[in-house]
There are 2 protein chains.
Amino acid sequence: MEIINQIDEVKRCSVQYVLALNDTLNVINGKWKLPIIGSLMYGKKRFKELERNIDKISPRMLSKELKDLENNGVVERTVYNTTPVTVEYELTESGKTFHSVLDVMVEWAVEHRERTLEL
Amino acid sequence: MEIINQIDEVKRCSVQYVLALNDTLNVINGKWKLPIIGSLMYGKKRFKELERNIDKISPRMLSKELKDLENNGVVERTVYNTTPVTVEYELTESGKTFHSVLDVMVEWAVEHRERTLEL
DNA sequence: CCGAATCCCGCCTGATACTG
DNA sequence: CAGTATCAGGCGGGATTCGG
């Protein structure tokens, strides 16, 4: 058991660990990434729909954040040749599984609150 | 199964969920929180030790971030009446369990890389 | 409709110096 | 040692305008 913990600590210390952690942080960072992901959890949406769904976001920010998420492989963008053009955004498979990360974050916070209030 | 997923979605939509998520985000945000937590994972440390351990952090930032983490119940501060004063920082119980959140973030990132490279 | 380009501001952060 | 004080710079992000 002791040796197991040491192995885990080594793993946690590795460069790979830190790099992977950064990947996840990049999906989270900024003010709008999570609201966008949250909105897309319910299915594909168009640009304007997202803009309406997410409170107070400007098209500039929405565009920038969507591009980030696309580069990170979390969101997929599809353009349809209609006039005017229609663009749809949806979560990739990885994007869909991201809720598991969020769930753990929430779980920790809830337990943390209980532990903190106990004092 | 379908009904279960709906319950989960409702849960994820609730105000409580978002608030808890924010709690966790506050523990993560900024450039220095995770390095500090990581450094304290190996045991209690004094201010100067942390400053030496964490690359390029200024005392100003270290002080501020430690104060944040203390307010969030993740770090505990102990002052000893020596001359000159000795101050030790250590993770609270919640702080120690936080690695479980980090592990899940890393796990997601690793799987995400595999899925993305497959294409 | 779907953005790109531009301008601008606040605050977060870094650097440096100083105190109990 | 363990921080605080002060100033300056950069960058995230808001507002607005314009183009395909």
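Lettering of chains follows the sequences in order, A, B, ..., and the numbering in each one begins at 1.
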* Sorted by first residue and then second, give each salt bridge (charged side-chain N to carboxylate O under 4.0 Å, His left out) pair with at least one member in residues 52-63 of chain B; sequence neighbours left out. =>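 Those involving residues 52-63 of chain B do not exist here.
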
Discussion item. Per the salt bridge (charged side-chain N to carboxylate O under 4.0 Å, His left out) rule, what does the pair list look like for residues 72-89 of chain A, sequence neighbours excluded?
Written reply: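 Counting only pairs at least two positions apart or across chains, the salt bridge (charged side-chain N to carboxylate O under 4.0 Å, His left out) contacts touching residues 72-89 of chain A are A:Lys44-A:Glu88.
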
Would one find a side-chain N or O of B:Trp32 under 4.0 angstrom from OP1 or OP2 of C:dC12? no

How close or far is atom [atom2] of [N] from atom [atom1] of [X], stated in whole angstroms?
| X | N | atom1 | atom2 | value |
| --- | --- | --- | --- | --- |
| A:Glu51 | C:dC2 | CD | C1' | 9 Å |
| A:Tyr80 | C:dC2 | OH | C1' | 15 Å |
| B:Leu62 | C:dA15 | CG | C1' | 16 Å |
| A:Lys31 | C:dC12 | NZ | P | 12 Å |
| B:Met61 | C:dG14 | CE | P | 6 Å |
| A:Glu65 | C:dC2 | CD | P | 18 Å |

| query | Among all residues two or more places apart in sequence or in another chain, which pass the side-chain contact (heavy atoms from CB on, under 4.5 Å) test with A:Val85? | reply |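 Once residues adjacent in sequence are excluded, the partners of A:Val85 under the side-chain contact (heavy atoms from CB on, under 4.5 Å) criterion are A:Val87.
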
With sequence neighbours left out, the residues meeting side-chain contact (heavy atoms from CB on, under 4.5 Å) with A:Thr86 are A:Arg46, A:Tyr80, A:Thr82

(request) Sort and list the pairs that fulfil side-chain hydrogen bond (donor to acceptor under 3.5 Å, both in side chains) and have at least one residue in residues 61-75 of chain B, not counting sequence neighbours. (result)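 Every candidate side-chain hydrogen bond (donor to acceptor under 3.5 Å, both in side chains) pair involving residues 61-75 of chain B fails, so no pair, neighbours aside, qualifies.
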
(request) Please check if the side chain of A:Ser39 supplies one atom and the backbone of A:Leu50 the other of a donor-acceptor pair under 3.5 Å. (result) no

In 5'-to-3' order, the base (B), backbone-only (S) or no-contact (-) status of each nucleotide in nucleotides 3-9 of chain C, using a 4.0 angstrom heavy-atom cut-off, is BSBB---

Check your understanding: At how many degrees, to 10°, do the end axes of the helix from C:dC1-D:dG20 to C:dG20-D:dC1 meet when each uses five pairs?
Key ->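 The helix from C:dC1-D:dG20 to C:dG20-D:dC1 shows an end-to-end axis angle of 40°.
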
Sequence neighbours excluded, the answer for salt bridge (charged side-chain N to carboxylate O under 4.0 Å, His left out) partners of A:Glu107 is none

Can you name the salt bridge (charged side-chain N to carboxylate O under 4.0 Å, His left out) partners of A:Glu111, sequence neighbours left out?
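A:Glu111 satisfies salt bridge (charged side-chain N to carboxylate O under 4.0 Å, His left out) with no other residue.
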
So the contacted stretch of DNA chain D, first to last nucleotide with an atom under 4.0 Å from a non-hydrogen atom of chain B, runs from D:dC1 to D:dT6

Minimum side-chain heavy-atom gap B:Tyr89-B:Leu69 below 4.5 Å = no

B:Ser94 meets the side-chain hydrogen bond (donor to acceptor under 3.5 Å, both in side chains) criterion, sequence neighbours left out, with A:His112, A:Arg115

Please tabulate, for the side chains in residues 28-38 of chain A, all donor-acceptor contacts under 3.5 angstrom to protein atoms that are two or more places apart in sequence or on a different chain.
residue : atom : partner : partner atom : Å
A:Asn29 : OD1  : A:Lys33 : NZ           : 2.8
A:Lys33 : NZ   : A:Asn29 : O            : 3.1

